[in-house]
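Scroll down for the structure; my scribbles are underneath it.
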Amino acid sequence: MTATVSAQDQIASFIADAMPERILSFKFSTSVQKRIELLVNRKKEGAITSPEQEELERYLLYDNLIGLAKVRASMKIAGK
């Protein structure tokens, strides 16, 4: 079986290897968290614009990437 590694997986591994402790403690700033919450609420209400939808999708992509990096960082630290 040939395993393919997505670009996100590669980036997440790179980040986790380079700075595992820092990635584990990473959180979006309060202002970014509030913006994401606003966009999610606008989407739930059906009032989100196309540019806002694109912005929300970028935030979700970033969140997924950070989540992957945190999993890899946890495994790296646990393996020490």
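Counting begins at 1 with the first residue of the sequence.
Side-chain contact between K34 and L38 is absent, with no heavy atoms from C-beta onward closer than 4.5 Å.
Considering all non-hydrogen atoms of both residues, A73 and A16 come closest at N-CB, 3.5 Å.
Electrostatic pairing of D9 and R72 counts as a salt bridge here, judged by a charged N lying under 4.0 Å from a carboxylate O.
Residue pairs meeting the ring-ring contact (aromatic ring centres under 6.0 Å, His included) criterion with at least one member in residues 30-55, sequence neighbours excluded, do not occur.
Annotation: salt bridge (Lys or Arg N to Asp or Glu O under 4.0 Å) contacts of E52 (sequence neighbours excluded): R42. By the side chain to side chain contact (heavy atoms under 4.5 Å, CB included) test, S29 is found to be paired with S31, V32, residues two or more places apart in sequence or in another chain being considered. K27 pairs by the side chain to side chain contact (heavy atoms under 4.5 Å, CB included) definition with Q33, not counting sequence neighbours.
In the hydrophobic clustering of this structure, M75 does not group with I23; members are Ile, Leu, Val, Met, Phe, Trp, Tyr whose side-chain heavy atoms approach within less than 4.5 Å, directly or through other members.
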Distance-only check: which donor-acceptor pairs under 3.5 Å involve side-chain atoms of residues 55-71, not counting sequence neighbours?
unit_1: E55; atom_1: OE1; unit_2: R35; atom_2: NE; d: 3.4
unit_1: E55; atom_1: OE1; unit_2: R35; atom_2: NH2; d: 2.7
unit_1: E55; atom_1: OE2; unit_2: R35; atom_2: NE; d: 3.1
unit_1: E57; atom_1: OE2; unit_2: Q53; atom_2: NE2; d: 2.9
unit_1: N64; atom_1: ND2; unit_2: Q8; atom_2: OE1; d: 2.6
unit_1: K70; atom_1: NZ; unit_2: F26; atom_2: O; d: 2.7

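Counting heavy atoms of neighbouring residues, nucleotides and ligands inside a 6.0 Å radius, atom CZ of F28 exceeds 12 of them.
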